[in-house]
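Working notes for the structure below.
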Amino acid sequence: MPKQREDNLDLIRSDGAFDVIVVGGGINGIGVYRELALQGLRVLLVERNDFCSGCSAAPSRMIHGGLRYLENGEFGLVRESLRERDALLRNAPHMVRPLPTTIPIRLILSGLLNSAAGFLGLSSRPASRGALPIKIGLSLYDWTTRKRRLLPRHRFRGASETLRLWPALTPRLRFSATYHDAWISYPERLGIELLLDTARLAPGNVALNHAEIARSGGGFTVTDRQTGEELQVNTRAIVNATGAWLDESLPTLSERRPDAERFISGTKGSHLILDCPPLYSELHGHMIFFERDDGRVCILFPYLGKVLAGSTDIRVDTAGRTRCEPDERDYILDSVREVFPTISLSADDVVFSYSGIRPLPRSDHAFTGRISRGHFVHRIDGAVPQFCMIGGKWTTFRAFAEQTADEVLAELGRPRIRETIDLPIGGGAAFPADGGLAADLAGRHGLSAIRAAWLADAYGTRAADVLAYCLARTDDVPLDGECAITTAEIAWLARSEFVGSLEDMLLRRTPLAIRGDISRAIIERVADVMAAELGWSIERKAREIETTVSDLAYYHGVSAEMLDRRTNDRSSICV
Ligand SMILES: Cc1cc2nc3c(=O)[nH]c(=O)nc-3n(C[C@H](O)[C@H](O)[C@H](O)COP(=O)(O)OP(=O)(O)OC[C@H]3O[C@@H](n4cnc5c(N)ncnc54)[C@H](O)[C@@H]3O)c2cc1C
């Protein structure tokens with residue numbers, strides 16, 4: 001067992017008394033864990049699978065104000081989201097970066113009355129938005145950020161100028177509007193950095209993935225899913241951050257009946273990663289944010305050398321691991337064809353797909369896009385009071401965590417002693433504003449440009465520590481071909497970033513899978529290193545490979561044949 005996990009389990013074994021237990025290690029659970037631990041409380045975080053493996057691994061990767069929430073009249077949410085977006089641009093500049101966003105517009109006035117109706121709660125399905133409502137929305141965006149402007153103001157263009165800049169865009173457009181939001185490169189890695197920061201700033205707190213928790217007697221039992229070991233713990237308060245699983249987890253953590261009224265109404269959303277160089281170059285670094293005739297907003301933007309396109313918004317009754325179905329894939333591909341009609345695109349260009357369930361507050365709204373993306377805390381009384389985190393978005397995790405922590409602090413009669421709004425995250429601390437970290441690493445250590453760029457992007461200013469470890473080993477060699485990730489780096493990740501399974505490594509600590517670089521050869525090489533570092537038996541290693549290959553095919557559209565083909569075509573590897 002890796003020392004990091006053993007140390008964490010030892011902390012529970014030696015003292016099972018916690019001020020607060022947070023259940024669910026998505027971004028909201030991680031956020032509130034950091035928030036409470038930094039206030040001097042002793043906190044335990046329990047995640048059933050891997051950290052950020054649920055909805056938090058499935059976003060559109062936008063860190064945004066939420067232009068379209070203005071239509072629902074959610075000005076407070078937009079103001080809060082813009083504040084949090086700007087805080088993330090400052091605190092995590094290695095992973096959160098500005099994203100110029102262009103909206104192709106076909107109409108002038110359309111959507112104005114609908115927006116007003118939406119604002120008054122009268123409309124169920126938004127019609128296509130015209131230039132005027134978009135102009136009003138973007139002006140409000142600019143006005144809200146006027147005193148701390150980090151990103152350029154919006155601008156409008158006529159059809160000819162737009163088509164000169166983006167010749168492949170649909171000729172049906174009459175205008176375009178460009179504004180700036182932000183995107184996040186590795187959301188799952190940011191979650192891990194928050195945990196590592198917490199371990200450094202507030203040692204003694206425990207974050208445990210691959211573990212379960214349930215009520216037992218007057219306390220709770222934590223079960224290590226890797227070994228089956230059971231540990232008794234108790235607490236003064238629970239924060240339930242299980243997202244889409246909230247209604248299912250409540251009866252296991254409180255006296256609440258399984259058939260009680262539900263809090264969450266989930267909607268499923270899927271994305272595709274496309275390997276289509278003509279589309280990539282036609283985007284010119286912009287996100288294209290557009291509407292289909294059914295009122296759904298779709299997006300596509302350059303992502304790690306590929307194109308990210310999404311998403312769908314489909315009601316689901318129960319939570320669970322989910323995948324992009326063929327009809328969703330076709331819907332997204334059709335959406336892209338609608339906005340770039342001359343670019344040829346097929347299902348063969350999809351190198352990876354992913355899907356997740358938005359844990360939205362329960363709503364009967366006929367149009368899912370209208371369900372609020374806001375958040376709130378619901379307290380459930382009991383011997384151990386439970387604070388349920390409901391709703392939210394990636395962008396606003398810190399604000400939601402702060403709000404939840406304040407309610408818990410009030411319950412426990414403890415003061416707030418530290419703010420997090422200006423706290424740098426992980427390798428975002430002292431990150432050079434000129435973006436010169438990669439060049440500096442390459443020059444100082446004689447690294448290839450591609451490896452230096454990966455290290456700077458993935459670890460920010462932590463890259464120096466990662467590199468010191470790698471260079472001291474004899475196996476600092478690429479995993480395969482031109483791969484920027486080395487064997488030694490996999491060993492470092494296995495030891496220091498809470499890795500419990502092969503999928504944790506391939507799907508969430510590295511972009512090997514999402515970028516479409518993963519091959520059977522890489523899977524086997526990574527499994528070898530992990531087996532050596534984590535003490536896996538031959539049987540365990542074989543099981544990990546088998547599960548990974550089958551999950552990649554079922555949940556991410558990466559078939560065994562694709563993995564074999566990529567093993568033979570080593571030129572495609574370039575992470
Ligand atoms: C398609 C899509 C696109 C999105 N795009 C964006 C975007 O661009 N920008 C943005 O800001 N937001 C976006 N979001 C929203 C954002 O991703 C979510 O709001 C956020 O990730 C929710 O985080 P969470 O921690 O509440 O839930 P989750 O990440 O789902 O975390 C809940 C965790 O609880 C664990 N769990 C469940 N039951 C138990 C139990 N009994 N014991 C222990 N653990 C348990 C689960 O394993 C899971 O890891 C998007 C969401 C989707 C689905």
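Start at 1 and go down the list; that is how both ligands and their atoms are numbered. We count residues from 1, following the sequence as given. When reading the values below, keep in mind they use all heavy atoms of this one structure, side chains included, and skip hydrogens, waters and symmetry mates.
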For this session: Go through the structure and list residues passing side-chain contact (heavy atoms from CB on, under 4.5 Å) with Arg97, not counting sequence neighbours.
Result: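 Counting only residues at least two positions away or on another chain, Arg97 forms a side-chain contact (heavy atoms from CB on, under 4.5 Å) with Trp183, Ser185, Asp457.
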For this session: With sequence neighbours excluded, tell me which residues meet side-chain contact (heavy atoms from CB on, under 4.5 Å) with Ala241.
Result: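 Only Val22, Met389 meet the side-chain contact (heavy atoms from CB on, under 4.5 Å) criterion with Ala241.
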Examine the proximity of ligand 1 to [X] and report which part, side chain or backbone, both or neither, has a heavy atom under 4.0 Å away.
X	value
Ala241	backbone
Trp245	side chain
Thr252	neither

Exercise. For the atom pair CG (Asp224) and NE2 (His210), what is the distance rounded to the nearest 0.5 Å?
Worked result: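 Answer rounded to 0.5 Å: 10.0 Å.
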Among [options], which one has a heavy atom closest to [atom]?
atom	options	answer
atom 4 (C) of ligand 1	Pro187, Pro59, Ser81, Gly24	Pro59
atom 23 (O) of ligand 1	Ser56, Gly243, Gly26	Ser56
atom 18 (C) of ligand 1	Gly25, Cys55, Ala58	Cys55

For this session: Can you see which heavy atom on Phe18 is nearest to which on Val43, and at what distance?
Result: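 Heavy atoms only, the tightest pair is CD2-C, 3.6 Å.
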Problem set entry | Closest non-hydrogen atom pair between Pro359 and Ala244, with its separation |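 So the two residues come closest at CB-N, 3.4 Å.
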Whether the side chain of [X] engages the backbone of [Y] through a donor-acceptor N/O pair (distance < 3.5 Å, no angle test) should be reported.
X	Y	result
Thr420	Leu423	no
Arg13	Leu231	no
Thr252	Glu248	no

Hey, does [X] come in under 3.5 Å of ligand 1, counting only N/O atoms on both sides?
X	answer
Ser270	no
Arg48	yes
Ile27	yes
Cys52	no
Met62	yes
Ser311	no
Asp50	no

For this session: Would you confirm whether the ring centroid of His286 sits within less than 6.0 angstrom of the ring centroid of Phe301?
Result: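 Distance test on ring centres: not under 6.0 Å, no.
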For this session: Enumerate the atoms of ligand 1 whose separation from the nearest heavy atom of Arg61 is less than 4.0 angstrom.
Result: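 Result: 8 (O).
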For this session: Apply the side-chain contact (heavy atoms from CB on, under 4.5 Å) test between Arg189 and each candidate in Ile184, Leu493, Thr510; give the one that qualifies.
Result: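 Only one option passes, and that is Leu493.
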Taking the non-hydrogen atoms of [X], is any one of them nearer than 4.0 angstrom to ligand 1?
X	result
Ile213	no
His271	yes
Arg373	no
Ala244	no
Glu47	yes

For this session: Go through the side-chain N and O atoms of Thr101 and Asp181 and say whether any donor and acceptor fall under 3.5 Å apart.
Result: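 Note: Thr101 and Asp181 side chains miss the donor-acceptor criterion.
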Exercise. Will you find, in the side chains of Thr198 and Asn205, an N or O donor that is under 3.5 Å from an N or O acceptor?
Worked result: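 No, because no side-chain N or O of Thr198 sits under 3.5 Å from a partner of the opposite role on Asn205.
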